[in-house]
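Below: the structure, in structure tokens.
Small disclaimer: the values here were computed from a predicted structure and weren't measured. Start at 1 and go down the list; that is how both ligands and their atoms are numbered.
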Amino acid sequence: MLSVEEALHQILQHPFPFQEEAVPLLQAVGRVLAQKVQADRDFPPFDRVTMDGIAIKASEIKADTRTFKVEGMVPAGSPAQILQNSHHCLEVMTGAVLPLGTDAVVPYEQCLLQEGIATVLAENVSSGQNIHRQGTDGKAGEVLLQKGTKIAPAHIGILASVGLAQVWVYRLPTVAICSTGDELVEVTENPLPHQVRRSNSYMLAAALGQENIQASLFHLPDQPEEMTKELKRITEEHEVLICSGAVSKGKFDFLPQVLAGLGMQKVFHAVAQKPGKPLLFGTMPDNKVIFGLPGNPVSTFVCYHLFFRPWLQASLQQSKELPTAQLTQDITFAPSLTYHVPVVLSYENGKMLATPVKTSGSGDLTSLLKATALLTLPPKKSFFPAGEAFPITLF
Ligand SMILES: Nc1nc2c(c(=O)[nH]1)N[C@H]1C(S)=C(S)[C@@H](COP(=O)(O)OP(=O)(O)OC[C@H]3O[C@@H](n4cnc5c(N)ncnc54)[C@H](O)[C@@H]3O)O[C@H]1N2
Ligand code: MOO
Ligand SMILES: [Mg+2]
């Protein structure tokens, strides 16, 4: 059976060649940048006043010279002004261009202004005080954002600052989510005693929503002809198919054979891990990919985070290092499988700690309510002592 690393490696051999598209600035949040972003001018673009007050030449402050005649007023948004007489001052507002001939700003709180004369009350005034010098934070032409950056609100601020009303981002894939199983009924239905409401498809759709992907939802019955008919249409109309269920050894687990009949090239079917052993991954023509996630809700969730998300990130040319956290208690796990443990994270003395949550297995969706991450324990060992650190996947 394939190890988790090998399975992931094989999945990453099939990235989707996402095209680029331009979107309006505000629609770029949560998307992945497909262009390099450079500063179109210095950051800040001029010597910027950082306090409301008066601008003076600092060297003019002497023991007996603390009064300055006010020459005028420089609001933010007005062109640069020049101090005509170095014994004078100009009133300046936060955000204004520092007047030429001045090199210090004394805040109003440290001045007395009376009848056009400012008296500096502050003991010391040093050259450069309360001035945000041009280009301190970035020079014109400097690369501020790299391709592959996931755009967060702060990035939107930078994009706006450099004048990008349209932003080039990677186009998102069209994704179909298919749940399977005759025991499953709609959220709005009242399940009979032998039925359950479908939750996996909604959980997956919500997770994809966090990637800005609006997936289409379908449900397939445990019936191969019907499944084939539906999946033929769905795979024609979508680039990515994520199924949940019907991939194990059951007499009604028809998904692998139905997809093979539709032309899916199986890449693998089974990974040495718990949960999520019967994971299926395959490809279709035109770079289409299929993830057959095992149906137990926690398996679906784990496989989405451990395999689908890295595939999406790699396709969007994003790289990611997995952080680690230290176990707070011993874990014994004998099978030679990679073990994904739902954990709750905390911090102590600057260290991230992982405490396993109580769970009754991969069918226990409620275990995810307490957890904030998955801790991945390698297959080679069976005893994992408290204090040892392992990679975590946040969700
Ligand atoms: N003989 C074997 N039996 C099983 C094996 C095995 O290796 N040999 N593997 C087990 C593992 S591990 C898992 S995980 C499950 C995976 O099974 P399937 O992918 O075939 O999924 P189903 O049989 O369709 O369903 C399993 C379970 O999950 C519930 N489910 C499915 N979809 C949803 C949904 N959308 N919302 C809520 N719940 C869902 C379903 O009702 C079942 O209870 O197989 C083991 N068996
Ligand atoms: O994916 Mo299964 O847990 O190993 O139920
Ligand atoms: Mg099954």
Side-chain angles (χ1 to χ4, degrees), residues 1-4 7 175-208 215-224 226-227 230-231 234 241-260 264 266 268-282 290-308 333-342 356-357 359-369 371 374-377 379 393:
M1 214 185 319
L2 278 187
S3 69
V4 165
V175 180
I177 297 172
C178 294
S179 53
T180 64
D182 289 348
E183 76 281 25
L184 302 175
V185 298
E186 245 315 339
V187 178
T188 46
E189 286 178 53
N190 258 334
L192 296 169
H194 54 279
Q195 297 176 322
V196 284
R197 292 193 187 92
R198 27 187 187 267
S199 54
N200 290 356
S201 29
Y202 292 99
M203 186 165 61
L204 288 169
L208 286 164
S216 314
L217 269 62
F218 303 90
H219 183 72
L220 308 171
D222 288 328
Q223 209 279 334
E226 193 60 28
M227 237 187 195
E230 284 281 295
L231 278 174
I234 293 167
L241 173 63
I242 307 178
C243 295
S244 89
V247 291
S248 186
K249 305 273 188 221
K251 294 286 192 255
F252 301 91
D253 291 334
F254 296 120
L255 195 68
Q257 75 187 61
V258 165
L259 288 168
M264 179 192 73
K266 184 181 86 180
F268 62 77
H269 185 186
V271 178
Q273 62 175 352
K274 186 187 165 80
K277 195 154 115 192
L279 175 66
L280 169 71
F281 178 73
I290 296 173
F291 288 83
L293 311 184
N296 273 324
V298 178
S299 301
T300 299
F301 190 78
V302 166
C303 290
Y304 171 85
H305 284 283
L306 272 287
F307 297 94
F308 176 82
F333 181 71
S336 80
L337 301 170
T338 296
Y339 187 27
H340 308 292
V341 189
V357 301
T359 169
S360 53
S362 62
D364 177 9
L365 189 52
T366 67
S367 64
L368 294 181
L369 299 179
L374 296 163
L375 185 82
T376 293
L377 304 177
T393 303

Among all protein non-hydrogen atoms, which one is nearest to [atom], and what is the separation to 0.1 Å?
atom	result
atom 36 (N) of ligand 1	S199 N, 3.0 Å
atom 1 (N) of ligand 1	K249 CB, 3.8 Å
atom 35 (N) of ligand 1	N200 CB, 3.2 Å
atom 4 (C) of ligand 1	S248 OG, 3.1 Å
atom 15 (C) of ligand 1	N296 ND2, 3.7 Å
atom 22 (P) of ligand 1	A246 N, 3.8 Å
atom 41 (O) of ligand 1	E183 OE2, 2.5 Å

Original post:
Hey, which atoms in ligand 2 end up nearer than 4.0 Å to a heavy atom of K277?
Top reply: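 Once the distances to K277 are compared, the set is 1 (O).
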**OP:** Could you tell me which atoms of ligand 2, counted from 1 in the order shown, lie closer than 4.0 angstrom to a heavy atom of S299?
**Re:**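 Those atoms are 1 (O), 2 (Mo), 3 (O), 5 (O).
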**OP:** With heavy atoms only and a cut-off of under 4.0 Å, state how L184 meets ligand 1: side chain, backbone, both or neither.
**Re:**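 Within the 4.0 Å criterion, L184 contacts ligand 1 through side-chain atoms alone.
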Original post:
ligand 1 versus S299, non-hydrogen atoms closer than 4.0 Å: side chain, backbone, both, neither?
Top reply: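 For S299, the contact with ligand 1 is made by the side chain alone.
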[X] neighbourhood, listing ligand 1 atoms whose heavy-atom distance to it stays under 4.0 Å:
X	value
S179	35 (N)
R198	35 (N), 36 (N)
S244	32 (N), 35 (N)
D253	20 (O), 23 (O)

Subject >> Cationic N near anionic O, under 4.0 Å, E186 to R197 >> reply: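 No salt bridge links E186 with R197.
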Original post:
Between F308 and Y304, what is the ring plane arrangement, given parallel below 30°, perpendicular above 60°, and tilted in between?
Top reply: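 Ring orientation of F308 relative to Y304: parallel.
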Original post:
So F333 and Y339, would you call those rings parallel, tilted or perpendicular, with 30° and 60° as cut-offs?
Top reply: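 Parallel.
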Subject >> For atom 3 (O) of ligand 2, the option (of G276, G295, S362, G363) bearing the nearest heavy atom >> reply: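 Answer by nearest heavy atom: S362.
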Original post:
Among S248, P278, P275, which one has a heavy atom closest to atom 4 (O) of ligand 2?
Top reply: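 Considering heavy atoms of S248, P278, P275, the nearest to atom 4 (O) of ligand 2 sits in P275.
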**OP:** Please say whether G295 places an N or O atom under 3.5 Å from an N or O atom belonging to ligand 1.
**Re:**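 Looking only at distances, the answer is yes, because the N/O contact criterion of under 3.5 Å is met.
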**OP:** Answer yes or no: does an N/O atom from P278 fall short of 3.5 Å to an N/O atom of ligand 1?
**Re:**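 Looking only at distances, the answer is no, because the N/O contact criterion of under 3.5 Å is not met.
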**OP:** Check the surroundings of atom CZ in F218: do more than 12 heavy atoms from other residues, nucleotides or ligands lie under 6.0 Å from it?
**Re:**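 Yes, the 6.0 Å shell around CZ holds more than 12 heavy atoms from other groups.
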Subject >> Listed protein N/O/S atoms, distance to the Mg ion (ligand 3) under 2.8 Å >> reply: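 The answer is D253 OD1, D253 OD2.
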